[in-house]
Amino acid sequence: MKRTARAFWLRSPGHGGISDVALPEPGDDDVVVRTLFSGVSRGTESLVFRGGVPESQYGAMRAPFQDGEFPGPVKYGYLNVGLVEEGPAHLAGRTVFCLYPHQTRYVVPAGAVTPVPDGVPAARAVLAGTVETAVNALWDAAPLVGDRIAVVGAGMIGCSVAALLARYPGVRVQLVDADPARASVAAALGVDFALPGDALDGCDLAVHASATEAGLVRSLELLAPEGTVLELSWYGDRKVSLPLGEAFHSGRLVLRGSQVGRVSQARRSRRTFADRLALSLDLLADPVFDALVSGECAFDELPSVLRAVAGGELPGLCHRVRYEGA
């Protein structure tokens with residue numbers, strides 16, 4: 001009998017639904033995974049849902065197990081935690097993380113899954129891909145003991161960066177966001193919070209993750225001379241204007257991009273993608289990361305939830321999707 005599963009597909013920009021899909025027969029080196037939880041990567045998946053991926057970036061923005069093509073029909077996503085039902089002995093019965101879309105079951109090579117450490121709940125492990133982005137960003141930024149740092153944009157990525165920076169000795173970390181409700185998240189992460197107009201300046205580093213022009217401009221304004229803005233935002237097909245004629249040159253400021261698609265150059269010769277993901281899962285043993293999950297829905301509710309997330313009617317941080325049997 002043919003194996004089947006159910007998957008979320010973006011059929012066209014703004015219109016998604018759940019469809020039956022056929023699963024391939026697993027080979028000797030494959031695993032069959034039953035999904036327990038998946039996570040909505042709010043910024044990127046909203047952009048994909050709206051059809052905002054520029055044609056020039058179709059290749060760069062492909063998810064590892066994406067089916068279809070932008071702008072649609074496309075099966076997209078990359079935060080998936082499940083239970084290995086069939087596979088090699090060292091993985092059978094294990095809870096694993098995989099960069100797989102929203103689907104009830106799937107078959108992938110065994111090397112594509114990473115075991116979730118025993119001390120990390122499966123429900124929290126959906127954040128692994130987000131924390132991995134933060135790890136890569138801090139490898140790029142290389143903050144020093146005692147640095148003064150602003151994290152502008154208290155979304156999933158910004159909060160993950162702030163949570164990791166809170167562990168650095170002597171570092172002044174301030175999470176900056178236009179939404180005053182994010183103050184409670186900052187408190188849970190153990191960092192200071194400020195609205196953009198109240199943020200502390202004189203920063204050695206500003207990590208920008210708000211995906212807004214205003215946020216990027218404010219990040220530059222918060223720098224001390226010769227400071228750096230590390231840009232993590234993905235703007236898709238939107239244009240951004242910056243005041244590079246003001247203090248940018250006289251202050252010898254640096255604007256640098258960081259993206260998770262490559263291991264940071266600072267670690268590329270010594271760390272693999274697998275190493276980076278395993279580290280991120282280990283870091284999720286800290287329950288402070290539970291503050292990054294702001295909502296949950298059943299898999300069958302995902303089409304309406306994604307529409308609400310992309311349209312701005314359902315604000316928050318990570319929205320977790322729960323599957324039958326989780």
Side-chain angles (χ1 to χ4, degrees), residues 39-45 47 57 59-66 76-81 97-100 111-114 116-117 120 124-144 147 149-168 171 173 175 189 191 204-211 215-216 219 227-236 254-286 288-289 292 317-318:
V40 175
S41 183
R42 185 173 291 268
T44 304
E45 290 195 55
L47 195 76
Q57 296 301 301
M61 287 302 297
R62 283 194 68 87
F65 292 100
Q66 172 180 322
Y76 193 86
Y78 46 80
L79 302 175
N80 189 299
V81 176
F97 177 86
C98 185
L99 297 167
Y100 205 87
V113 302
T114 302
V116 175
V120 178
R124 190 187 304 153
V126 296
L127 295 167
T130 305
V131 173
E132 185 181 13
T133 301
V135 166
N136 207 58
L138 293 179
W139 282 350
D140 278 335
L144 301 177
D147 272 359
I149 304 173
V151 180
V152 180
M156 289 172 62
I157 301 298
C159 286
S160 296
V161 170
L164 296 182
L165 284 171
R167 305 174 181 212
Y168 280 61
V171 166
V173 185
L175 188 59
L189 299 178
V191 299
D204 304 289
L205 170 68
V207 179
H208 180 238
S210 82
L216 181 52
S219 298
T228 296
V229 169
L230 189 76
E231 176 59 280
L232 296 179
S233 299
W234 167 240
Y235 298 94
V254 175
L255 175 59
R256 181 180 181 190
S258 177
Q259 205 269 344
V260 73
R262 295 184 183 181
V263 174
S264 168
Q265 187 177 15
R267 293 292 179 272
R268 199 174 300 160
S269 65
R270 301 185 297 279
R271 300 289 191 279
T272 64
F273 286 106
D275 293 332
R276 191 179 64 184
L277 181 55
L279 169 62
S280 303
L281 281 162
D282 285 340
L283 291 168
L284 282 168
D286 189 340
V288 72
F289 286 102
L292 273 63
L317 297 172
C318 177

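Please read all numbers here as calculations on a predicted model, not as lab measurements. Side chains included, hydrogens not; waters and symmetry mates left out as well; all remaining heavy atoms used.
- The shortest side-chain heavy-atom distance between Cys159 and Leu189 falls under the 4.5 Å cut-off.
- Listed by chain and residue number, nothing satisfies the ring pair (Phe, Tyr, Trp, His ring centres under 6.0 Å) test with Phe289 (two or more places apart in sequence, or in another chain).
- Here the side chains of Leu165 and Val191 are not in contact, with every heavy-atom distance at 4.5 Å or above.
- Environment of CZ in Arg270: crowded, with over 12 heavy atoms of neighbouring residues, nucleotides or ligands closer than 6.0 Å.
- With sequence neighbours left out, the side chain to side chain contact (heavy atoms under 4.5 Å, CB included) criterion links Val171 to Ile149, Tyr168, Val173.
- Formation of a donor-acceptor pair under 3.5 Å by the Ser233 side chain with backbone atoms of Tyr235 is not found in this model.
- The distance from atom CZ of Arg124 to atom CG of Asp286, rounded to the nearest 0.5 Å, is 7.5 Å.
- Between Leu255 and His208 there is no side-chain heavy-atom pair separated by less than 4.5 Å.
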Should Met61 and Leu47 be marked as a side-chain contact (heavy atoms from CB on, under 4.5 Å) after you check the CA-CA gap, both sets of side-chain angles, and the distance that decides it? CA-CA 11 Å; Met61 287 302 297; Leu47 195 76; 5.6 Å; no
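- Taking CG from Leu277 and CD from Glu132, the interatomic distance works out to 5.0 Å, rounded to the nearest 0.5 Å.
- Side-chain N or O atoms of Asp282 include none that pairs as donor or acceptor with a backbone N or O of Pro117 at under 3.5 Å.
- Residues Leu232 and Ala137 approach most closely at CD2-CB, 3.7 Å, considering heavy atoms.
- Considering only residues two or more places apart in sequence or on other chains, Thr133 meets the side chain to side chain contact (heavy atoms under 4.5 Å, CB included) condition with Ile157, Val260.
- One finds no salt bridge joining Arg267 and Asp275 here, because no Lys/Arg side-chain nitrogen approaches an Asp/Glu carboxylate oxygen to under 4.0 Å.
- In this structure, the side chains of Val113 and Tyr100 stay at 4.5 Å or more apart for every pair of heavy atoms.
- Using a 4.5 Å heavy-atom cutoff, the side chains of Leu127 and Cys318 are in contact.
- The two residues Gly215 and Ser210 make their nearest non-hydrogen contact at CA-OG, 3.6 Å.
- Contact of the Phe97 side chain with the Ser280 side chain is not registered, since no non-hydrogen atoms from C-beta on lie closer than 4.5 Å.
- The shortest heavy-atom contact between Thr114 and Ala278 is CG2-CA, 4.4 Å.
- In this structure, Trp234 and Gln57 approach most closely via the heavy-atom pair CH2-CG, 3.6 Å.
- Residues Val161 and Leu138 meet the side-chain proximity criterion, which asks for heavy atoms closer than 4.5 Å.
- Put simply, the side chain of Arg271 does not reach to within 4.5 Å of the side chain of Arg276, judged on heavy atoms.
- Across Leu99 and Tyr78, no two heavy atoms sit closer than the pair CD2-O, 3.2 Å.
- Nearest approach of Arg256 to Asp140, heavy atoms of both residues: NH1-O, 2.8 Å.
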